[in-house]
**Q** 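Structure provided below as structure tokens; questions to follow.
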2 protein chains.
Amino acid sequence: MADDPPRTRIQQKNRAAILDAALEVFSQHGFRGATLDQIASASGLSKPNVLYYFPSKEAIHEALVGGLIDTWVQPLHDLDPNGDPVEEILAYVGRKLAMSREMPRESRLFANEIVQGAPRFGTEITGRFKALVDEKAAVIRDWAEAGRLNPLDPYHLIFSIWATTQHYADFDVQVRGILAPKGDEHFDDAARFLAALYRAGLTPPDPR
Amino acid sequence: MADDPPRTRIQQKNRAAILDAALEVFSQHGFRGATLDQIASASGLSKPNVLYYFPSKEAIHEALVGGLIDTWVQPLHDLDPNGDPVEEILAYVGRKLAMSREMPRESRLFANEIVQGAPRFGTEITGRFKALVDEKAAVIRDWAEAGRLNPLDPYHLIFSIWATTQHYADFDVQVRGILAPKGDEHFDDAARFLAALYRAGLTPPDPR
DNA sequence: GTCTATATAAGGATAGAC
DNA sequence: GTCTATCCTTATATAGAC
């Protein structure tokens with residue numbers, strides 16, 4: 001997974017340019033829809049030159065996904081079992097929504113892959129990904145059992161948070177087609193909405 | 001939009017077989033990733049024979065999308081302004097989740113298209129689609145202003161319902177990778193979770 | 001390291017026999 | 001209506017000069 005880093009500055013710069021261009025192209029067109037021509041022209045290099053840095057189109061895609069997956073699960077990783085349950089989950093929602101705002105291309109890269117059955121994800125989902133979700137779901141379950149959280153299925157809670165937050169990146173054209181925002185203001189409205197929805201859903205019933 | 005229906009039984013049968021095969025292939029691989037070879041072999045016809053019924057790959061895709069879009073928005077269309085606000089919205093959530101369970105290929109067909117920027121959707125989104133959403137958002141806003149619903153942004157409420165329900169179709173491999181259900185039982189858990197979340201979020205604060 | 005030229009394969013679409 | 005054979009474009013990847 002961790003290749004030897006390239007030696008010269010030029011190599012680093014070109015590799016980075018290729019990966020940035022590839023993120024743009026793969027996230028917009030999917031793996032199959034993306035062409036090396038598009039990646040080459042977006043990176044400012046010639047097509048054979050791109051293939052000098054990466055052996056194949058698939059290798060570029062792998063390098064992208066491999067480099068991003070850790071970033072992608074970081075918000076869930078940061079869910080603190082020692083924090084206040086409702087506030088911790090609301091903060092998680094906030095981090096995920098911020099990622100949709102700041103890294104929409106990465107979100108669509110993953111979405112493209114998963115919608116199409118994750119043919120290039122190998123054991124990532126059932127491996128460390130599932131392990132992290134299981135761990136955090138157990139934390140949420142314990143919170144609920146201690147009466148500090150309205151008892152909700154922790155797995156479906158996590159799914160709903162992924163769905164609602166990633167929606168603003170993955171279905172961006174639909175959201176913008178309906179709201180017609182000038183810039184990113186609608187993310188602030190989304191943040192308020194999601195905070196209100198999840199606060200109401202998560203706050204445990206008052207035992208009095 | 002409404003082509004003349006084919007005349008003979010054989011034509012109807014073959015057209016239907018092609019559209020069903022195309023739904024399977026387009027939803028799994030996206031427009032670009034799908035090939036006429038795959039569609040032909042899945043429909044049991046030869047490639048030229050497929051092109052006898054439809055003039056091009058794009059025409060097959062158009063016929064599919066055009067035929068499905070009305071079905072797709074029906075659940076929102078059925079939201080009744082004269083019903084009980086909370087129950088109406090919960091019923092809408094239920095209808096959308098049922099569609100993800102029963103029509104996952106259709107959901108992924110749309111998801112593929114929208115994630116990639118809806119290049120073949122034309123004015124559907126900003127046209128009648130947006131008009132319907134605007135209409136129903138106004139209904140929800142009125143309910144909230146009458147104090148019959150916890151005041152939440154109606155647009156983001158609708159987005160969240162789309163996101164949470166379609167997630168079970170669009171991200172099916174991820175959901176199954178984490179839950180490892182034998183069949184569709186997890187949809188019942190999802191239904192219970194979403195009902196609880198939205199009931200808590202939508203019920204207006206008791207004015208006493 | 002980067003380019004031009006090209007090999008090779010896949011895929012959309014058509015021609016024409018039956 | 002359906003098939004075989006084929007055209008032609010696009011796209012991945014490589015060869016080899018510079």
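Side-chain atoms are counted along with the backbone in the values below, which use heavy atoms only and exclude waters and symmetry mates. Chain identifiers are assigned alphabetically (A, B, ...) following the order of the sequence lines, protein sequences preceding nucleic acid strands; residue numbering begins at 1 within each chain. Computed from a predicted model, the values in this text were never measured in an experiment.
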**Q** Rounded to the nearest Å, what distance is computed from the OH atom of residue B/Y52 to the P atom of nucleotide D/dG1?
**A**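 Going from B/Y52 (OH) to D/dG1 (P), I get 5 Å.
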**Q** With a cut-off of less than 4.0 Å, is there a side-chain N or O of B/R32 near OP1 or OP2 of C/dG12?
**A**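 For C/dG12, neither OP1 nor OP2 has a side-chain N or O of B/R32 closer than 4.0 Å.
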**Q** Considering just the side-chain nitrogens and oxygens of A/T35, establish if one lies under 4.0 Å of OP1 or OP2 belonging to D/dA11.
**A**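 No, because none of the side-chain N or O atoms of A/T35 sits under 4.0 Å from OP1 or OP2 of D/dA11.
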**Q** In whole angstrom, what separates B/L45's CG from D/dT4's P?
**A**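 In whole Å, D/dT4 P and B/L45 CG are 13 Å from each other.
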**Q** Determine whether the side chains of B/Y198 and B/S160 contain a donor N or O and an acceptor N or O closer than 3.5 Å.
**A**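 Indeed, the side chains of B/Y198 and B/S160 share at least one donor-acceptor pair under 3.5 Å.
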**Q** With no hydrogens and no angle check, do the side chains of B/H77 and B/Y92 hold a donor and an acceptor under 3.5 Å apart?
**A**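 No, B/Y92 and B/H77 have no side-chain donor paired with an acceptor closer than 3.5 Å.
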**Q** Report which part of the nucleic acid A/A40 touches: base, sugar-phosphate, or nothing (heavy-atom distance under 4.0 Å, all strands).
**A**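 A/A40: no heavy atom of the nucleic acid under 4.0 Å.
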**Q** Does C/dG1 have OP1 or OP2 under 4.0 Å away from a side-chain N or O of A/N49?
**A**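 It does not, given that no N or O in the side chain of A/N49 lies less than 4.0 Å from OP1 or OP2 of C/dG1.
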**Q** In whole angstrom, give the distance that lies between atom CD1 of A/I18 and atom C1' of D/dT12.
**A**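 After rounding, the reported distance stands at 15 Å.
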**Q** Between atom CG in A/L51 and atom C1' in C/dT6, what is the gap in whole Å?
**A**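 Roughly 14 Å, once rounded to whole Å.
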**Q** Give one of base, sugar-phosphate or nothing for A/A59, where a contact means two heavy atoms less than 4.0 Å apart.
**A**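 Nothing, no heavy atom under 4.0 Å.
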**Q** Looking at B/S46, does any N or O in its side chain come under 4.0 Å of the phosphate oxygens OP1/OP2 on D/dC3?
**A**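 Checking D/dC3 against B/S46, a side-chain N or O does come within under 4.0 Å of OP1 or OP2.
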**Q** Is it the case that the ring center of A/W162 lies less than 6.0 angstrom away from the ring center of A/Y168?
**A**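 Not under 6.0 Å, so no.
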**Q** Verify the contact: side-chain N or O of B/Y53 to OP1 or OP2 of D/dT2, cut-off strictly under 4.0 Å; return yes or no.
**A**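 Checking B/Y53 against D/dT2: at least one side-chain N or O falls below 4.0 Å of OP1 or OP2.
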**Q** Just say parallel, tilted or perpendicular for the rings of B/F121 and B/F110, cut-offs at 30° and 60°.
**A**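 Plane angle over 60°, so perpendicular.
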**Q** Go through C/dT14, C/dC3, C/dG12 for me and flag the one nearest to the B/P48 side chain.
**A**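 Comparing C/dT14, C/dC3, C/dG12 against the side chain of B/P48, the answer is C/dT14.
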**Q** Any non-hydrogen side-chain atom of A/E113 less than 4.5 Å from a side-chain atom of A/R120?
**A**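 Yes, at least one pair of side-chain atoms sits under 4.5 Å.
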**Q** What integer distance in Å separates A/K57:NZ from D/dT12:C1'?
**A**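 Nearest whole value for this atom pair: 8 Å.
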**Q** What's the NZ-C1' distance between B/K47 and D/dC8, to the nearest Å?
**A**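 After rounding, the reported distance stands at 12 Å.
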**Q** Distance check: side-chain N/O of A/T8 vs OP1/OP2 of C/dG1, anything under 4.0 Å?
**A**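 For A/T8, the contact criterion (side-chain N or O under 4.0 Å from OP1 or OP2 of C/dG1) is met.
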**Q** In whole angstroms, how far is the C1' atom of C/dG1 from the NZ atom of A/K13?
**A**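 Atom-to-atom, A/K13 to C/dG1, this comes out as 13 Å.
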**Q** Tell me: CG of B/L36 to C1' of C/dG12, nearest whole Å?
**A**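 After rounding, the reported distance stands at 6 Å.
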